[in-house]
Amino acid sequence: MRLALGNGVSTPRDRFHREYVAMQMSLLSAPAEDQPALASPLGCYLPTFPIARLFDGAALTLTSTLGDLIREAEQAAGHGTSVDLDIIAAFLGAINSNDPGRRCGP
């Protein structure tokens, strides 16, 4: 647990891992009927979401889905630059702390 929470010193990879694990735990704890959240646009979570271009050329926009972000996170985990890891960790962190409520659904 101490490793997951960090020791006060945080690299881009450390921040990325913390936020990615938090996202996975959130999705695992959601009822099966909530899994359509993966198809929800990132704009639901972050209405002022900035466009981000990753090293591999992928762009994350307001219309990218949570599933798109997770796929990019999985790629970045193996092949991403520190900048990619920082960008994705920032988006995951913002999403992890922001409930979309009823902004994008019934």
Side-chain angles (χ1 to χ4, degrees):
M1 182 61 84
R2 187 174 307 180
L3 181 61
L5 295 176
N7 59 2
V9 177
S10 191
T11 67
R13 187 162 295 280
D14 294 336
R15 287 187 296 277
F16 170 83
H17 284 139
R18 275 195 302 275
E19 298 301 343
Y20 183 75
V21 168
M23 174 65 66
Q24 292 297 318
M25 291 176 71
S26 176
L27 289 171
L28 286 172
S29 69
E33 63 269 9
D34 285 347
Q35 292 307 305
L38 294 174
S40 62
L42 295 177
C44 289
Y45 299 91
L46 306 167
T48 59
F49 190 84
I51 294 173
R53 182 144 327 260
L54 302 175
F55 184 74
D56 67 359
L60 295 171
T61 68
L62 285 168
T63 58
S64 299
T65 66
L66 183 55
D68 294 334
L69 178 61
I70 290 172
R71 278 188 292 282
E72 288 301 327
E74 290 168 352
Q75 285 187 314
H79 308 293
T81 66
S82 290
V83 172
D84 287 348
L85 294 173
D86 258 346
I87 290 169
I88 293 171
F91 290 133
L92 289 172
I95 290 169
N96 287 336
S97 63
N98 190 357
D99 179 2
R102 297 264 181 219
R103 280 195 297 264
C104 289

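Just so you know, these numbers come straight off a predicted model, no measurement behind them. Nothing fancy with the numbering, it's 1 onward along the sequence.
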Chemist: Is there a donor-acceptor pair under 3.5 Å between the side chain of Asn96 and the backbone N or O of Leu92?
Modeler: yes
Chemist: Ignoring hydrogens, what is the shortest heavy-atom contact between Ser82 and Pro12? Give both atom names and the distance.
Modeler: O-CB, 3.7 Å
Chemist: Is a side-chain N or O of Arg13 found less than 3.5 angstrom from the main chain of Leu85, in a donor-acceptor match?
Modeler: no
Chemist: Are any side-chain N or O atoms of Asp84 and backbone N or O atoms of Leu54, one a donor and one an acceptor, separated by less than 3.5 Å?
Modeler: no
Chemist: Spell out, yes or no, whether Phe16 and Val83 are grouped together once hydrophobic residues are joined by side-chain heavy atoms under 4.5 Å, including indirect joins.
Modeler: yes
Chemist: Under the salt bridge (charged side-chain N to carboxylate O under 4.0 Å, His left out) rule, what pairs show up with a residue in residues 48-61, not counting sequence neighbours?
Modeler: none
Chemist: Show me the pairs that pass ring pair (Phe, Tyr, Trp, His ring centres under 6.0 Å) and involve residues 64-95, at least two apart or across chains.
Modeler: Phe49-Phe91
Chemist: I need the minimum non-hydrogen distance between Leu46 and Ile95, along with the two atoms involved.
Modeler: CD1-CG1, 4.0 Å
Chemist: Kindly work out whether a path of hydrophobic side-chain contacts (I/L/V/M/F/W/Y, heavy atoms less than 4.5 Å apart) joins Leu38 to Tyr45.
Modeler: yes
Chemist: About how many Å separate CG of Leu69 and CD of Glu74, when rounded to the nearest 0.5 Å?
Modeler: 10.0 Å
Chemist: Please step through side-chain contact (heavy atoms from CB on, under 4.5 Å) for the pair Thr65 and Arg71, ending with a clear verdict.
Modeler: CA-CA 10 Å; Thr65 66; Arg71 278 188 292 282; 4.3 Å; yes
Chemist: Looking only at heavy atoms, what is the nearest atom pair of Ala59 and Ser64, with distance?
Modeler: O-OG, 3.7 Å
Chemist: Quick one: are Leu42 and Thr63 in side-chain contact, heavy atoms under 4.5 Å?
Modeler: no
Chemist: Output the distance between atom CD (Glu72) and atom CD1 (Ile87), rounded to the nearest 0.5 Å.
Modeler: 10.5 Å
Chemist: Picking from Gln24, Arg18, Met25, what satisfies side-chain contact (heavy atoms from CB on, under 4.5 Å) with Val21?
Modeler: Met25
